[in-house]
Amino acid sequence: MKNKLQGVFTVSVIVVLILSLIYIDEVKDGITKAIENCITGIVPSLFLNSVLSGVLIKCSTNMKPKRISSSDYGILLAFLLGNICGYPIGAKILSDLVKENNITHEQAEKAICFSFASGPAYVLGIVSTVLFHAKLLGFTTFVSIFLSNMVLYIAYIFRCRKSDCTNSACKAVCFTEAVMESISSSANSMISICSAIVFFSAMIAILKVIVPSVNAKISAILEISNITSLQGNGLLFFVLVTLLLSFGGLCVHMQIICLAGGSFSFRWFYLTRPIQLLLTALFSSLGYLIVSDHISIETSLNSDNIELTSAGNIIPFICICGMVLIALTYKKSDRT
């Protein structure tokens, strides 16, 4: 059976490779747009957050309140920063916590369930403008996802207290060392994240050629940035967008698994997804009904696409080149 599955996988890869050569123009367009998205949106919104969160983790002994245990403090940070900074940050924080012996891999396995969210930067900066045309709806989306994760976090806290979860010791490092290590680690993480986005964008480009009926919903499930291609309005549309953002897309799932680096499993993450999505649907429905009478819809937008101007291309490009250079010099010994 295993040999048959490997054979099917090998044939599938060969077929996709051939299709990528046949439809090279579509693949190039998809990759180009993905790279632009990484330069203009992903890296600027995630890199600094990733560095600062890494510094917090590495300096946790000196920075945490004395009354809070190392594991409780670390999981609280993962919950807050994972919801505020963006999808992969929560997984990276938990991975760092495990490597720094702040928490156990069992604790990280459960904490990732409520440390996964799109973050306000993407929701308020892009989604609310392109899809909702109203900042209030974007804020409601963020709050709905945050509240659903908070319910899971509170449930974890009560369960942890009842089962007497053990706390691991942590080791602090000096601030300068923490900053430099976080910069190197974050640069490598950004390359992994952007590479996953580029790969999925190329696959979606091939899929759209083979199956022209593939719509924006399916594309968003595969890669969440495609959510900006959705069209609609009203309660059902709002709840759908919020659920897609809460799910994150398969590309983001691949990113967080990669960033975790085997530090913990995602068994509980996928077991609790239906509960988290159900809570998100409930909170988003209530939120929409509350704010719908206070929404001022902007009927005219200059463009649904956010692009760099020619004057703004050079700075992000230089930053990306510097990040690639850091990632290439990031030694394997530094990752352990």
Side-chain angles (χ1 to χ4, degrees), residues 38-39 41-65 68-105 107-108 111-112 115-122 168-197 252 254-264 315-316 318-336:
C38 289
I39 294 175
I42 303 300
V43 173
S45 63
L46 287 183
F47 182 69
L48 181 60
N49 293 331
S50 179
V51 173
L52 295 179
S53 63
V55 172
L56 282 175
I57 297 304
K58 294 180 183 299
C59 299
S60 58
T61 298
N62 297 328
M63 303 175 110
K64 77 175 183 66
I68 301 179
S69 66
S70 298
S71 62
D72 289 343
Y73 177 70
I75 290 174
L76 176 62
L77 279 180
F79 164 64
L80 293 176
L81 296 177
N83 281 271
I84 294 174
C85 297
Y87 292 116
I89 300 300
K92 184 179 183 302
I93 290 173
L94 291 171
S95 178
D96 290 342
L97 285 168
V98 173
K99 292 175 182 177
E100 297 293 329
N101 293 321
N102 287 16
I103 63 175
T104 64
H105 68 273
Q107 289 173 316
I112 189 59
S115 304
F116 179 82
S118 56
Y122 184 70
S168 303
C170 61
K171 179 181 178 181
V173 298
C174 69
F175 182 76
T176 302
E177 182 182 351
V179 171
M180 295 310 299
E181 287 182 2
S182 295
I183 290 175
S184 298
S185 175
S186 297
N188 186 71
S189 297
M190 293 302 106
I191 299 301
S192 297
I193 291 170
C194 291
S195 298
I197 293 173
V252 176
M254 179 180 289
Q255 294 171 25
I256 63 174
I257 293 173
C258 178
L259 291 181
S263 300
F264 54 91
I315 295 178
I318 292 175
C319 293
I320 296 296
C321 290
M323 192 172 299
V324 171
L325 182 61
I326 293 174
L328 290 176
T329 57
Y330 186 44
K331 300 178 181 179
K332 289 185 177 180
S333 59
D334 297 329
R335 303 180 194 181
T336 58

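Keep in mind that the numbers below use all heavy atoms, side chains included, and drop hydrogens, waters and symmetry copies.
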If you compare all heavy atoms of [X] against all heavy atoms of [Y], which two are closest, and at what distance to 0.1 Å?
| X | Y | answer |
| --- | --- | --- |
| G74 | L97 | O-CD1, 3.3 Å |
| N83 | F79 | ND2-O, 2.6 Å |
| L77 | I93 | O-CD1, 4.3 Å |
| I193 | Q255 | CG2-OE1, 3.2 Å |

Across all chains, not counting sequence neighbours, the side chain to side chain donor-acceptor pair (under 3.5 Å) partners of S192 are none
Side chain to side chain donor-acceptor pair (under 3.5 Å) partners of S182, counting only residues at least two apart:
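So S182 forms no side chain to side chain donor-acceptor pair (under 3.5 Å) with any residue.
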The reported gap from CD1 in I84 to OG in S115 (rounded to nearest 0.5 angstrom) is 11.5 Å
| request: Check the pair L81, L52 against side chain to side chain contact (heavy atoms under 4.5 Å, CB included), reporting the backbone distance first and the verdict last. | output: CA-CA 10 Å; L81 296 177; L52 295 179; over 6 Å; no
Given the options I112, I256, L259, L94 meets side chain to side chain contact (heavy atoms under 4.5 Å, CB included) only with I112
Does [X] reach the main-chain N or O of [Y] with its side chain, forming a donor-acceptor pair under 3.5 Å?
| X | Y | value |
| --- | --- | --- |
| S186 | V51 | yes |
| S184 | E181 | no |
| S95 | A91 | no |

*Results of ring pair (Phe, Tyr, Trp, His ring centres under 6.0 Å) for F264 - residues two or more places apart only*: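 Per chain and number, F264 pairs via ring pair (Phe, Tyr, Trp, His ring centres under 6.0 Å) with F266.
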Under the salt bridge (Lys or Arg N to Asp or Glu O under 4.0 Å) definition, can you give me all pairs with a residue in residues 88-97, not counting sequence neighbours?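 Salt bridge (Lys or Arg N to Asp or Glu O under 4.0 Å) check on residues 88-97 returns K92-D96.
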task = Please test T104 against V98 for side chain to side chain contact (heavy atoms under 4.5 Å, CB included), starting from the C-alpha separation and ending with a verdict.
result = CA-CA 6 Å; T104 64; V98 173; over 6 Å; no
